[in-house]
*Asks:* 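What follows is a single structure, and I will ask about it in a moment.
Quantities reported herein were computed from a predicted structural model and do not represent experimental measurements. These numbers come from the heavy atoms of this one structure, side chains and all, not from hydrogens, waters or symmetry mates. Every chain is numbered from 1, with letters handed out A, B, ... down the list of sequences.
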2 protein chains.
Amino acid sequence: MAIVDDHPIVIEGLKNLLAAQPDLEITGSFTTGTEFLVFLKDHVVDVVLLDITLPDISGIELCKEIRMMAPQTFVLALSNHNERSMIFQMLHNGASGYLLKNASANELINSIHEALEGKVTFSNSIREIMSMPHLTEFREKPAITKRELEILKLIAQGETTAGMAESLFLSKLTIETHRRNLLQKFAVKNVAQLISIATQQGIVP
Amino acid sequence: MAIVDDHPIVIEGLKNLLAAQPDLEITGSFTTGTEFLVFLKDHVVDVVLLDITLPDISGIELCKEIRMMAPQTFVLALSNHNERSMIFQMLHNGASGYLLKNASANELINSIHEALEGKVTFSNSIREIMSMPHLTEFREKPAITKRELEILKLIAQGETTAGMAESLFLSKLTIETHRRNLLQKFAVKNVAQLISIATQQGIVP
DNA sequence: CTTCCTCTACTGGTTTTCTGGTATATTTAC
DNA sequence: GTAAATATACCAGAAAACCAGTAGAGGAAG
């Protein structure tokens, strides 16, 4: 099995926790997604523990690529993110499970064994989050497109519709449509509320 | 030394990394703040590696309490948060340093040694963040009156000038003046930027 | 290949915000 | 008790945002 995580401390911890398991041998650990993809080209990996926040590419994207390159490799997401959308995105991209980093050693080892058997598993806290749809996140993050995100950030910086139209070489009518969609997706009345909520949710820095 | 972190994996990793250091003996590891405070009552701890996000209380608060209870105990923050405000809050509360969790083993060990000597240390990435301040964070918080704060919050909630005038029993021309003063005090072009910056500065929740 | 999504763009309007000024009670602070 | 800051209020016009509806081009996914 392999580990992909940009925190050396976490890698050490995992190695240590799994050292006691004779059937789980760690064949490689990586701090970037590309490093692992290179490794995967000429090595067989049964299961990979995959962090979602990586320096080069998102774990969500990486998961998809891994599954395309090596469908026999099971992917277990290991992350601090407990947003439902993250979990579902990972599963959608072929992950075999999702563990929070605060999982106990037992949870971790069990999940790896289950993943190796082809089962889909979650750490306990994730199960809770998945079963309680709206308590953990009273407001779901809306699905927002790349262009919309771009516009959203510019709005937060104080750019006006006309200014954005000019700098993005678009009609200002187009920008207005994006604006409208943002307001509608976030279910808010005006930009003030839009920026307020987007910032709270960490979508805008 | 002691470790407070809600991730068992991280605790394992740290134990492992520090096992090779004969002068650093780990006398306790804890997953909650209160557990550690109890331990601290009848144990001497030279240095504690402290996570900021804990299940019970914030590491920032905990740091303050530790320093009050045991001033001879050095606190090293260990976190994923790379916001300048976090770093400064920790230092303000008496931390001896701040490490990102993606720090290398060497950085970690060096920092612990330096902390033990009473020095203030940071991991490399934190040093960068601290030396290259973001433009928005340079901005000092403008002096804002009670009424203005009230209006600011209502704006962030999506209230319009007319709506606020009605709910506060004021002329809408008055609200417009407050609005204008807010824009002027924050030196911004429009509400979008106003809310963006006010939220970043924690003025609006 | 067809359906769905995203990005693009338009018409024609209403509402709200923003920008100049100006001005007067009422607190607050020294 | 006086000066400064704060909260209140007005006028008028320009600029920007918001609303409702429509629609084609292009890409992704099934």
*Asks:* Counting the atoms with a prime plus P, OP1 and OP2 as sugar-phosphate, which does B/Thr145 contact under 4.0 Å by heavy atoms, base, sugar-phosphate, or nothing?
*Replies:*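 Sugar-phosphate: the residue B/Thr145, judged by heavy atoms under 4.0 Å, touches backbone atoms but no base.
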
*Asks:* Between C/dT19, C/dT11, C/dT8, which nucleotide has the shortest distance from any of its atoms to the side chain of A/Leu173?
*Replies:*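 For A/Leu173, the side-chain atoms sit closest to C/dT11.
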
*Asks:* Can you identify which nucleotide, out of C/dC7, C/dT16, C/dC18, has its nearest atom closest to the B/Asn190 side chain?
*Replies:*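 The answer is C/dC18, which lies nearest to the side chain.
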
*Asks:* So, does A/Thr174 get its side chain near the phosphate of C/dT8, meaning an N or O under 4.0 Å from OP1 or OP2?
*Replies:*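 It does not, given that no N or O in the side chain of A/Thr174 lies less than 4.0 Å from OP1 or OP2 of C/dT8.
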
*Asks:* Expressed as a whole number of angstroms, how long is the span from B/Arg147:CZ to C/dT26:C1'?
*Replies:*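 Rounding to the nearest Å, CZ of B/Arg147 and C1' of C/dT26 are 13 Å apart.
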
*Asks:* Considering only side-chain heavy atoms of A/Leu183, which listed nucleotide, D/dC18, C/dG21, C/dA9, is closest?
*Replies:*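 The closest nucleotide is D/dC18.
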
*Asks:* Between B/Lys172 (NZ) and C/dC18 (P), how many Å, whole number?
*Replies:*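 In whole Å, C/dC18 P and B/Lys172 NZ are 14 Å from each other.
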
*Asks:* What is the separation between atom CD on A/Gln184 and atom P on C/dT6, rounded to the nearest whole Å?
*Replies:*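 My rounded result for the distance is 12 Å.
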
*Asks:* Hey, is A/Arg147 close enough to A/Glu150 for a salt bridge, meaning N to O under 4.0 Å?
*Replies:*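 Salt bridge between A/Arg147 and A/Glu150, a charged N being under 4.0 Å from a carboxylate O: yes.
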
*Asks:* Could you check B/Thr177 against A/Val191 and say which one's nearest nucleotide on DNA chain D is further toward the 5' end?
*Replies:*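 In this pair, the answer is B/Thr177.
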
*Asks:* Between D/dA17, C/dC7, C/dA9, which nucleotide gets closest to the side-chain atoms of A/Arg179?
*Replies:*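 Closest nucleotide to the A/Arg179 side chain: D/dA17.
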
*Asks:* Rounded to whole Å, how long is the line connecting atom NE2 of A/His178 with atom P of C/dC10?
*Replies:*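 Atom NE2 in A/His178 sits about 13 Å away from atom P in C/dC10.
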
*Asks:* Which whole-number value in Å describes the distance from B/Leu194 CG to C/dT19 P?
*Replies:*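 Distance, rounded to whole Å: 12 Å.
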
*Asks:* Using the closest heavy atom to pick a nucleotide of DNA chain C for each, name whichever of B/Lys146 or B/Glu159 lands nearer the 5' end.
*Replies:*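 Between the two, 5'-proximity favours B/Glu159.
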
*Asks:* By nearest atom, which of the nucleotides C/dT16, D/dA17, C/dC7 is closest to the B/Thr160 side chain?
*Replies:*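 Of the candidates, C/dT16 comes closest.
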
*Asks:* If I take atom CD in residue B/Gln193 and atom P in nucleotide D/dA17, what distance separates them, rounded to the nearest angstrom?
*Replies:*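 Nearest whole value for this atom pair: 12 Å.
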
*Asks:* For B/Asp56 and B/Gly33, indicate whether the former's side chain and the latter's backbone hold a donor-acceptor pair under 3.5 Å.
*Replies:*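 Here the side-chain-to-backbone pair exists.
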
*Asks:* Are the side chain of A/Asn190 and the backbone N or O of B/Gly158 linked by a donor-acceptor pair below 3.5 Å?
*Replies:*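 Confirmed, A/Asn190 side chain pairs with B/Gly158 backbone.
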
*Asks:* When the distance from CD1 of A/Ile155 to C1' of D/dA16 is rounded to whole Å, what number comes out?
*Replies:*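 To the nearest whole Å, that distance equals 12 Å.
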
*Asks:* Does A/Arg180 get its side chain close enough to the base of D/dA20, under 3.5 Å, for a donor-acceptor pair?
*Replies:*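 When only heavy-atom distances are counted, A/Arg180 does reach the base of D/dA20 through a donor-acceptor pair under 3.5 Å.
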
*Asks:* What is the distance, to the nearest angstrom, from the CD1 atom on B/Ile175 to the C1' atom on D/dC10?
*Replies:*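 Those two atoms, CD1 and C1', are 14 Å apart.
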
*Asks:* Find which nucleotide of DNA chain C each of A/Asn181 and A/Glu176 is nearest to by heavy atoms, and output the residue with the more 5' nucleotide.
*Replies:*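 This one resolves to A/Asn181.
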
*Asks:* Locate the shortest heavy-atom distance separating B/Pro55 from B/Thr32; write the atom from each residue and the value.
*Replies:*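 Scanning both residues, the minimum pair turns out to be CG-CG2, 3.9 Å.
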
*Asks:* Taking the side chain of A/Ser171 as its heavy atoms from C-beta onward, which of C/dG21, C/dT17, C/dA9 lies nearest to it?
*Replies:*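 Looking only at heavy atoms from C-beta outward on A/Ser171, the closest nucleotide is C/dA9.
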
*Asks:* Could you walk me through whether A/Ile3 and A/Leu78 pass the side-chain contact (heavy atoms from CB on, under 4.5 Å) test, one step at a time?
*Replies:* CA-CA 10 Å; A/Ile3 301 169; A/Leu78 181 68; 5.9 Å; no

